[in-house]
J.: 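Please see the structure below; I have some questions.
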Amino acid sequence: MVFKIDLSGRTVIISGGVRGIGLAITESVANAGGDVALLYHSNPKSHEIAENVAKKYGVKAKAYQCDVGDRELVIKTIQQIEKDFEHPIAAMMANAGVSVVKPALELTSEDFHKVFNANVLGAFNCAQAVAQHWVNEKYQGGSIVVTSSMSSELYNQKGLNDPLTQIFYNASKGAATNMVKGLAAEFAQYNIRVNALEPGFTNTEQTSVMDKSIRDYQASSVPLRRFAEPHEQGDAALFLISESASYITGTHLRPDGGFSAY
Ligand SMILES: NC(=O)c1ccc[n+]([C@@H]2O[C@H](COP(=O)([O-])OP(=O)(O)OC[C@H]3O[C@@H](n4cnc5c(N)ncnc54)[C@H](OP(=O)(O)O)[C@@H]3O)[C@@H](O)[C@H]2O)c1
């Protein structure tokens with residue numbers, strides 16, 4: 001039998017689903033037949049992107065402006081998605097994330113709040129709100145994937161022994177991966193699985209703003225000697241929410257080209 005992931009008849013929410021790794025997750029889910037609800041922060045083209053996904057894959061796709069750091073707004077948006085979509089919400093991809101790249105001596109409290117608000121509180125708000133929704137609806141088999149990073153347990157370099165300087169980002173990803181274990185432990189009684197996707201270096205707008213020399217150094221330090229393409233993260237996230245991962249919870253999947261081997 002051909003191995004196939006089929007998400008038809010299900011709706012998946014993807015925060016930051018209109019760009020980069022999030023858009024790749026959106027496309028992987030849509031390619032598997034799932035309807036997609038995309039949460040964005042500020043990108044005015046989000047609605048157009050959702051329309052394009054709907055046309056390309058023949059699924060329902062709709063964008064919602066929703067700052068994931070705003071708990072009440074996340075709850076309201078999930079209620080709206082439930083009304084707008086015919087198929088039940090089956091999974092949440094808490095993917096939205098930001099970074100501030102600055103030496104530690106220059107970092108401010110504002111920088112801290114910006115990064116932790118999106119990467120930790122935002123991921124928590126998405127997970128909590130969708131889990132509450134499933135508990136209320138007595139929905140069985142919900143799955144949550146938090147896009148953390150391989151940076152959850154290592155510190156990136158921009159050259160040999162030359163740190164990239166994004167302490168709050170790395171700290172937030174350490175928190176995100178640890179949070180996933182706790183959420184998995186608490187939500188297992190509701191038959192909800194929670195896992196982290198921990199991407200390595202991936203070609204997106206977040207990494208394209210870095211100097212080419214930094215990207216070249218980083219690529220050369222990966223055993224596979226290149227950055228990931230976004231779809232290589234999207235398909236890994238798709239696997240985690242699929243039936244094929246039904247016994248996988250409270251852990252992480254790290255598509256990093258072998259980077260953490262060293
Ligand atoms: N690229 C990499 O190499 C890499 C490696 C490891 C982990 N990651 C992680 O993967 C995830 C996606 O990264 P990416 O490279 O695809 O980033 P990206 O291209 O910068 O996209 C980030 C997305 O998150 C959304 N977002 C940011 N803050 C938000 C908020 N408060 N509420 C709702 N949406 C928000 C943005 O929406 P707007 O555009 O509307 O503002 C954007 O769509 C992040 O969690 C990132 O940390 C990336």
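The first residue in the sequence is number 1, and the count goes up from there. Counting convention: from 1, in listed order, for ligands and their atoms alike.
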J.: As an exercise, identify every atom of ligand 1 less than 4.0 angstrom from a heavy atom of Gly20.
T.: 16 (O)
J.: I need the atoms of ligand 1 closer than 4.0 Å to a non-hydrogen atom of Asn43, numbered in the order shown.
T.: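 Here the atoms of ligand 1 in question are 38 (P), 39 (O), 40 (O).
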J.: Do any nitrogen or oxygen atoms of Thr207 lie less than 3.5 angstrom from nitrogen or oxygen atoms of ligand 1?
T.: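 No; the residue has no nitrogen or oxygen that sits under 3.5 Å from a nitrogen or oxygen of the ligand.
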J.: Could you find the nearest protein heavy atom to atom 21 (O) of ligand 1 and give me its residue, atom name and distance?
T.: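 I find the closest protein heavy atom is Arg19 NE, 3.5 Å.
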J.: Considering only protein heavy atoms, which is closest to atom 47 (O) of ligand 1, and at what distance to one decimal place?
T.: Tyr169 OH, 2.6 Å
J.: Run the contact test for Ser99 against ligand 1 with a 4.0 Å cut-off on heavy atoms, strictly below, and give the result.
T.: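 Under 4.0 Å: no for Ser99.
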J.: Pick whichever of Ala96, Ala63, Gly97 has a heavy atom sitting closest to atom 22 (C) of ligand 1.
T.: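 Among Ala96, Ala63, Gly97, the closest heavy atom to atom 22 (C) of ligand 1 comes from Gly97.
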J.: Identify which of Asn156, Leu197, Thr147 has a heavy atom lying nearest to atom 10 (O) of ligand 1.
T.: Thr147
J.: Do you know the tightest heavy-atom contact between Ala91 and Trp134?
T.: N-CZ2, 3.7 Å
J.: Between Ser28 (side chain only) and Leu238 (backbone N and O only), is there a donor and an acceptor less than 3.5 Å apart?
T.: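 The answer is no, because no donor-acceptor pair under 3.5 Å joins these two groups.
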J.: What is the ring orientation for Phe112 with Phe116, classed by angle as parallel under 30°, tilted 30 to 60°, or perpendicular over 60°?
T.: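 Phe112 vs Phe116 ring planes: parallel.
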J.: Does one side chain, of Gln140 or Asn191, offer a donor that lies under 3.5 Å from an acceptor on the other?
T.: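 Yes, Asn191 and Gln140 have a side-chain donor paired with an acceptor closer than 3.5 Å.
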J.: Within the 4.0 Å heavy-atom shell around Ser42, which atoms of ligand 1 are there?
T.: 38 (P), 40 (O), 41 (O)
J.: So which atom in Leu73 and which in Cys66 form the shortest heavy-atom distance, rounded to 0.1 Å?
T.: CD2-CA, 3.8 Å
J.: Among protein heavy atoms, which lies nearest atom 43 (O) of ligand 1, and at what distance?
T.: Gly16 CA, 3.5 Å
J.: To which protein heavy atom is atom 27 (C) of ligand 1 closest, and what is the distance rounded to 0.1 Å?
T.: Val98 CG1, 3.7 Å
J.: Taking atom types as modelled, find out whether Gln65 and Ser46 have a side-chain donor-acceptor pair closer than 3.5 angstrom.
T.: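 Side chains of Gln65 and Ser46: no pair found under 3.5 Å.
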J.: Considering only NZ, NE, NH1 and NH2 on the basic side and carboxylate oxygens on the acidic side, decide whether Lys173 and Glu198 come within less than 4.0 Å.
T.: no
J.: Quick check on Met150 - does any of its heavy atoms sit under 4.0 Å from an atom of ligand 1?
T.: no
J.: Which atoms form the tightest heavy-atom contact between Ile14 and Gly22, and what is the distance?
T.: CG2-O, 3.7 Å
J.: For Phe85, does the six-membered ring have the charged nitrogen or CZ of Lys62 within the cation-pi criterion, i.e. under 6.0 angstrom from the centroid and within 45° of the normal?
T.: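 No - Lys62 does not lie over the ring of Phe85 by the 6.0 Å and 45° rule.
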J.: I need the nearest protein heavy-atom contact for atom 16 (O) of ligand 1: residue, atom name and distance, please.
T.: Ile21 N, 2.8 Å
J.: Heavy atoms only, cut-off 4.0 Å: how does Ser148 contact ligand 1, side chain, backbone, both, or neither?
T.: backbone
J.: Take Tyr40 and His47 through the test ring pair (Phe, Tyr, Trp, His ring centres under 6.0 Å) and record every step on the way to the result.
T.: CA-CA 10 Å; Tyr40 71 96; His47 299 278; 5.4 Å; yes
J.: What is the closest protein heavy atom to atom 31 (N) of ligand 1, and at what distance does it sit?
T.: Asp67 OD1, 2.9 Å
J.: Specify the protein heavy atom at minimum distance from atom 33 (C) of ligand 1: its residue, its atom name, and the distance to 0.1 Å.
T.: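 Protein heavy atom with the smallest distance to atom 33 (C) of ligand 1: Cys66 O, 3.2 Å.
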J.: Do any N or O atoms from the side chain of Arg193 and from the backbone of Ile248 form a donor-acceptor pair under 3.5 angstrom?
T.: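 Yes: the side chain of Arg193 pairs with the backbone of Ile248.
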J.: Are Ser151 and Asn156 close enough that a side-chain donor and a side-chain acceptor fall under 3.5 Å?
T.: yes
J.: Provide the number and element of each atom of ligand 1 under 4.0 Å from a heavy atom of Phe201.
T.: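 Matching atoms, with element in brackets: 3 (O).
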J.: Considering all protein heavy atoms, does one lie under 4.0 Å from atom 36 (C) of ligand 1?
T.: no
J.: At what distance is the nearest protein heavy atom to atom 29 (C) of ligand 1, and which residue and atom is it?
T.: His41 CB, 3.8 Å
J.: Please determine if Thr202 has a nitrogen or oxygen closer than 3.5 Å to a nitrogen or oxygen of ligand 1.
T.: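 By distance alone, the answer is yes.
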J.: Kindly indicate whether the side chain of Val209, heavy atoms from C-beta on, has any atom under 4.5 Å from the side chain of Glu205.
T.: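 Heavy-atom side-chain distance check fails, nothing below 4.5 Å.
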J.: Counting heavy atoms only, name the option from Val18, Val146, Val68, Asp70 that's nearest to atom 30 (C) of ligand 1.
T.: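 Checking each option, the heavy atom nearest atom 30 (C) of ligand 1 is found in Val68.
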J.: Check each of Thr204, Asn95, Asn203 against atom 1 (N) of ligand 1 and report the one with the nearest heavy atom.
T.: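 Of the listed residues, Thr204 has the closest heavy atom.
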